[in-house]
Engineer: 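I'd like to ask some things about the structure below.
Letters A, B, ... mirror the listed sequences (proteins, then strands); counts begin at 1. Just the heavy atoms: all of them, side chains too, but no hydrogens, waters or symmetry mates, feed the values below. Just so we're clear, the structure is a prediction, and the values are computed from it rather than from any experiment.
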Number of protein chains: 2
Amino acid sequence: MSRNVVGAEIERLIQLLARLPGLGPRSARRAALHLVKHREKLMQPLSHSLADVLEKVSECSVCGNVDVVNPCTLCADPRRDRSLICVVEEVGDLWALERAGAVQGMYHVLGGTLSAIEGVRPEDLRIASLIDRVRTGEVREVMIAVNATVDGQITAHYIMDQLDSTGAAVTRLAHGVPVGGELDYLDEGTLAAAVRARRSL
Amino acid sequence: MSRNVVGAEIERLIQLLARLPGLGPRSARRAALHLVKHREKLMQPLSHSLADVLEKVSECSVCGNVDVVNPCTLCADPRRDRSLICVVEEVGDLWALERAGAVQGMYHVLGGTLSAIEGVRPEDLRIASLIDRVRTGEVREVMIAVNATVDGQITAHYIMDQLDSTGAAVTRLAHGVPVGGELDYLDEGTLAAAVRARRSL
């Protein structure tokens with residue numbers, strides 16, 4: 001879009017919105033217009049909310065979660081099981097597990113996966129601090145809950161090697177049929193894994 | 001999502017982002033995470049950009065366009081043809097026509113269409129000020145470029161009636177086959193209109 005039409009300020013807003021996942025250049029333009037049109041009810045609150053999050057929210061220095069306090073609410077919660085650390089790739093994975101109420105232990109957010117193609121090395125991830133936590137703490141089990149992708153699995157194996165000397169048990173999530181999932185739509189790898197890990201009824 | 005997991009500040013940001021067109025609750029959560037993860041490169045610039053637009057951009061009191069100056073750049077441009085006013089529903093339509101370089105005249109943004117269902121009455125739209133502009137100005141033609149929807153057409157007819165006494169010619173956009181469009185994919189109404197309005201080669 002030429003600058004003449006919308007002005008540099010709105011053009012800049014459109015460009016920034018277009019960098020959000022799920023918004024392309026066209027939908028970013030629509031979103032910007034929507035903001036301008038709903039100035040009091042949406043643009044002002046969103047502007048304040050962003051400033052608020054920017055000011056208050058930061059990364060937890062222990063686990064890498066994001067929160068208004070540091071250490072984060074999860075790390076500070078005395079009711080959680082400190083003998084278990086669940087290792088995830090991103091904060092979004094932590095949120096998903098928390099929504100499911102699936103983990104009663106602690107978390108550790110790697111910040112991605114190792115990747116030869118994208119040049120992500122162990123020192124680019126929160127791996128050293130994980131090893132430290134396991135070495136110095138009362139950790140008995142490290143559950144590696146990374147995505148079931150090639151990079152995820154490579155990262156899981158690397159971490160397992162690093163944890164070898166700590167004595168902590170290393171586990172991973174079970175593969176299988178998603179609850180409510182239809183067999184016909186599942187890939188062969190998942191089906192084969194679900195059959196291998198079958199349980200008696 | 002429970003407050004325990006993400007904290008009230010991020011929860012609020014997610015809720016606001018979810019109100020943008022094109023983002024649902026799930027993609028809003030992903031967008032919020034993306035912002036938190038790219039704090040310096042995206043969240044900070046977006047926060048500043050929103051504050052900037054909020055401070056500087058306002059509605060043009062003449063045509064309803066949004067711009068950093070009032071009257072807007074288009075209304076103030078002495079090279080534009082003041083004898084033609086192009087009436088559109090929304091600012092986005094104005095941008096689209098400007099990108100196409102299709103209109104050399106002035107614009108008038110209605111701010112929507114009349115709608116019995118949504119209770120939008122003539123006084124809820126920028127119609128009175130359009131009639132005023134046509135009455136007091138040197139306007140010879142009013143081109144009604146509203147969407148080809150039922151509400152759009154009802155609005156066009158209402159405006160045409162109101163303009164009856166002003167002596168200005170009222171025109172509408174041509175219907176026809178979109179440039180590059182395949183006949184097989186077009187609806188029958190468009191095809192019928194394109195046939196009726198056929199031109200000699």
Engineer: Check this for me: E123(A), atom CD, are more than 12 non-hydrogen atoms of other residues, nucleotides or ligands nearer than 6.0 Å?
Structural biologist: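 Atom CD in E123(A) is packed in, count exceeds 12.
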Engineer: Where on V36(B) is there a heavy atom nearer than 4.5 Å to chain A: the side chain, the backbone, both, or neither?
Structural biologist: side chain
Engineer: Start with the C-alpha distance between V57(A) and L13(B), add both sets of side-chain angles, then the distance that settles side chain to side chain contact (heavy atoms under 4.5 Å, CB included), and finish with yes or no.
Structural biologist: CA-CA 12 Å; V57(A) 172; L13(B) 179 60; over 6 Å; no
Engineer: Donor-acceptor check, side chain of R30(B) to backbone of L20(A), threshold 3.5 angstrom: yes or no?
Structural biologist: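 Between the backbone of L20(A) and the side chain of R30(B) there is no qualifying donor-acceptor contact (under 3.5 Å).
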Engineer: Using side-chain heavy atoms (C-beta onward) and a distance below 4.5 Å, is L42(B) in contact with L16(A)?
Structural biologist: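 In short, these two side chains touch, coming nearer than 4.5 Å.
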Engineer: Sort out for me which of V69(B), D52(B), L23(B) touches chain A most, counting heavy-atom pairs under 4.5 Å.
Structural biologist: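 Top count of heavy-atom pairs under 4.5 Å with chain A: L23(B).
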Engineer: Over all heavy atoms of both residues, which pair between R29(A) and R99(B) is shortest? Give the atoms and the distance, please.
Structural biologist: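 The pair with the smallest heavy-atom distance is NH1-NH2, 2.7 Å.
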Engineer: Looking at chain A, which one of S27(B), P21(B), A31(B) has the largest number of heavy-atom pairs inside 4.5 Å, strictly under?
Structural biologist: P21(B)
Engineer: Does R39(A) use its side chain to pair, donor to acceptor, with the backbone of L54(B) at less than 3.5 Å?
Structural biologist: yes
Engineer: Any salt bridge linking K37(A) with E90(B)? Criterion: basic side-chain nitrogen under 4.0 Å from a carboxylate oxygen.
Structural biologist: yes
Engineer: Check the pair I10(B), D67(A) against side chain to side chain contact (heavy atoms under 4.5 Å, CB included), reporting the backbone distance first and the verdict last.
Structural biologist: CA-CA 8 Å; I10(B) 298 182; D67(A) 205 339; over 6 Å; no
Engineer: Which heavy-atom pair separates S49(B) from E9(A) by the least distance, and what is that distance?
Structural biologist: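 So the two residues come closest at OG-O, 4.2 Å.
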Engineer: Before you tell me yes or no, could you show the steps for L35(B) and V53(A) under side chain to side chain contact (heavy atoms under 4.5 Å, CB included), namely the whole-Å CA-CA distance, both residues' side-chain angles and the distance that decides it to 0.1 Å?
Structural biologist: CA-CA 10 Å; L35(B) 284 168; V53(A) 170; over 6 Å; no
Engineer: Among C72(B), A28(B), P45(B), G24(B), which has the most heavy-atom pairs under 4.5 Å with chain A?
Structural biologist: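 Winner by heavy-atom pair count: P45(B).
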Engineer: Donor-acceptor pair, R12(A) side chain versus L50(B) backbone, under 3.5 Å?
Structural biologist: no
Engineer: A side-chain contact here means heavy atoms from C-beta on lying under 4.5 Å apart; do R19(A) and H38(B) qualify?
Structural biologist: no
Engineer: So for V91(B), is it side chain, backbone, both, or neither that comes closer than 4.5 Å to the heavy atoms of chain A?
Structural biologist: both
Engineer: More than 12 non-hydrogen atoms from neighbouring residues, nucleotides or ligands closer than 6.0 Å to CZ on R140(B), yes or no?
Structural biologist: no
